[in-house]
Amino acid sequence: MTPDEVPVVYWEAIRENDTAFDRLFFYGVQTTKIFCRPSCRSKVPNKKNVRIFTDVKHALAEDFRPCKRCKPELRQTPNEKLVNEMCAWIDQQYSQPITLAQLGDAFHTSPYHLQRTFKHVTGETPHVYIRKKKLQKARALLVQTDAPISQIGNILGFPNTSYFTTVFKKETSSTPNQFRQHQKNRSGAL
């Protein structure tokens with residue numbers, strides 16, 4: 001693709017560091033022979049020097065080298081890798097109280113950077129991710145066991161049954177008891 005052929009939407013993605021385009025194309029700068037992801041925070045190149053590549057192999061075949069900042073040759077960006085590691089850690093620890101400070105300590109980064117990076121990659125905050133994880137497990141426990149609501153809330157790390165019920169109802173529009181009963185009625189009707 002010649003510089004005149006750089007689609008407007010791709011050029012805007014490069015200028016705005018848009019992560020939504022990271023899987024669609026890579027761009028190379030002819031003067032430096034470096035190629036990047038659209039989300040790379042490097043200096044915006046001169047449009048006339050930009051080449052568009054559909055994948056890493058094409059960029060390498062044209063003798064462009066990968067950017068050291070955004071690492072386009074890797075399947076995951078460094079931020080995606082960090083967030084995936086955080087999610088795996090949260091998936092193991094979600095029943096314990098987790099603060100941004102604890103996450104920051106566990107992953108050697110500031111709480112501010114962690115929150116911003118997590119939201120940038122997933123579209124939600126760590127707090128929302130943890131709450132969703134707890135409620136996903138709560139739904140499974142409500143259907144698969146006859147454990148009391150208070151015990152399920154306790155297992156999931158909610159400080160009390162009332163808070164568990166409030167959070168559950170806010171997310172699912174039903175109380176844990178109503179949800180359990182509805183699921184039992186559904187499975188009985190099959």
Side-chain angles (χ1 to χ4, degrees), residues 1-94 98-137 139-140 170-173:
M1 200 174 273
T2 65
D4 294 335
E5 295 174 358
V6 175
V8 173
V9 68
Y10 282 13
W11 179 245
E12 286 303 312
I14 294 166
R15 288 183 54 228
E16 301 296 323
N17 310 114
D18 194 338
T19 59
F21 287 83
D22 277 354
R23 305 266 186 260
L24 299 177
F25 75 94
F26 298 90
Y27 74 92
V29 180
Q30 292 184 45
T31 54
T32 62
K33 297 298 270 185
I34 294 173
F35 73 99
C36 299
R37 299 172 192 267
S39 64
C40 188
R41 298 282 182 188
S42 60
K43 182 181 172 190
V44 177
N46 186 328
K47 186 176 180 182
K48 71 179 183 175
N49 295 325
V50 171
R51 293 272 314 274
I52 301 296
F53 300 104
T54 55
D55 59 37
V56 170
K57 288 187 291 185
H58 288 113
L60 293 171
E62 295 285 329
D63 292 325
F64 281 77
R65 59 189 171 84
C67 172
K68 291 182 181 179
R69 178 177 287 167
C70 69
K71 301 183 185 335
E73 75 281 13
L74 301 178
R75 287 195 185 276
Q76 295 180 324
T77 65
N79 284 345
E80 289 170 336
K81 184 175 187 270
L82 173 66
V83 169
N84 287 337
E85 290 171 0
M86 280 190 273
C87 288
W89 187 86
I90 290 168
D91 291 351
Q92 297 296 315
Q93 306 291 327
Y94 68 89
I98 300 173
T99 65
L100 284 177
Q102 287 172 310
L103 274 172
D105 288 345
F107 291 93
H108 312 291
T109 187
S110 75
Y112 171 77
H113 175 71
L114 181 144
Q115 170 118 344
R116 190 182 65 186
T117 301
F118 196 97
K119 184 160 186 168
H120 184 72
V121 170
T122 66
E124 61 191 16
T125 65
H127 177 75
V128 169
Y129 180 84
I130 293 165
R131 186 177 70 233
K132 283 182 177 179
K133 183 59 66 180
K134 287 183 180 197
L135 293 175
Q136 177 185 22
K137 183 66 173 175
R139 286 190 289 274
K170 181 179 179 188
E171 294 295 319
T172 65
S173 302

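Keep in mind that the numbers below use all heavy atoms, side chains included, and drop hydrogens, waters and symmetry copies.
In this structure, the separation between CD on Glu171 and CZ on Arg139 is 8.5 Å, given to the nearest 0.5 Å. Residue Lys132 holds its NZ atom at 10.5 Å from CD of Gln136, rounded to the nearest 0.5 Å. Rounding to the nearest 0.5 Å gives a distance of 9.5 Å between CD1 of Ile130 and SG of Cys87. How far CD of Glu80 is from CG of Leu74: 10.0 Å, rounded to the nearest 0.5 Å. Here Tyr94 contributes atom OH and Lys134 contributes atom NZ; the two are 9.5 Å apart, rounded to the nearest 0.5 Å. Taking NZ from Lys57 and CD from Glu62, the interatomic distance works out to 14.0 Å, rounded to the nearest 0.5 Å.
In this view, Phe25 and Tyr10 satisfy the ring-ring contact (aromatic ring centres under 6.0 Å, His included) rule, not counting sequence neighbours. Phe26 pairs by the ring-ring contact (aromatic ring centres under 6.0 Å, His included) definition with nothing, not counting sequence neighbours.
The closest side-chain heavy-atom distance from Phe118 to Thr125 is not below 4.5 Å. The side-chain heavy atoms of Asp91 and Tyr129, taken from C-beta on, include a pair separated by under 4.5 Å. Counting heavy atoms from C-beta outward, Pro126 and Gln115 have side chains that approach closer than 4.5 Å. Residues Val56 and Phe35 have side chains in contact (heavy-atom distance under 4.5 Å, counting atoms from C-beta outward). Within the 4.5 Å cutoff, side-chain heavy atoms of Met86 are placed close to those of Val83. For the pair Leu103 and Trp89, the minimum side-chain heavy-atom distance is below 4.5 Å. By the 4.5 Å heavy-atom criterion applied to side chains, His120 and Arg116 are not counted as neighbours. For the pair Ile34/Ser42, no side-chain contact is recorded, criterion being any heavy-atom separation below 4.5 Å from C-beta on.
Here the closest non-hydrogen pair linking Val50 and Val6 is O-CG2, 3.9 Å. Between Glu12 and Arg15, the shortest heavy-atom contact is OE2-NH1, 2.9 Å. Residue Val29 comes nearest to Tyr27 through the heavy atom pair CG2-CE1, 4.0 Å, listed as atom of the first residue, atom of the second, then distance. Nearest heavy-atom pair, Cys67 versus Cys36, reported as atom, atom and distance to 0.1 Å: CB-SG, 3.5 Å. Pairing each heavy atom of Arg69 with each of Cys40, the nearest pair is CD-SG, 4.0 Å.
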- prompt: Hey, mind stepping through Lys119 and Glu124 against salt bridge (charged side-chain N to carboxylate O under 4.0 Å, His left out) and telling me if it holds?
  reply: CA-CA 5 Å; Lys119 184 160 186 168; Glu124 61 191 16; over 6 Å; no
- prompt: Checking side-chain contact (heavy atoms from CB on, under 4.5 Å) for the pair Leu135/Thr172: CA distance, chi angles, key distance, verdict?
  reply: CA-CA 9 Å; Leu135 293 175; Thr172 65; 5.6 Å; no
task: Check the pair Arg51 / Phe53 against side-chain contact (heavy atoms from CB on, under 4.5 Å), numbers first and verdict last.
output: CA-CA 7 Å; Arg51 293 272 314 274; Phe53 300 104; 3.9 Å; yes
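Within the 3.5 Å criterion, the main-chain N or O of Thr99 finds a donor-acceptor partner in the side chain of Gln102. Without hydrogens or angle criteria, Asp55 side chain to His58 main chain gives a donor-acceptor distance under 3.5 Å.
Judged by the 6.0 Å distance and 45° axis criteria, Lys33 is positioned over the aromatic ring of Phe64.
Checked against Ser39 for a side chain to side chain donor-acceptor pair (under 3.5 Å), the options Asp18, Asn17, Asp22, Thr19 give a single hit: Asp22.
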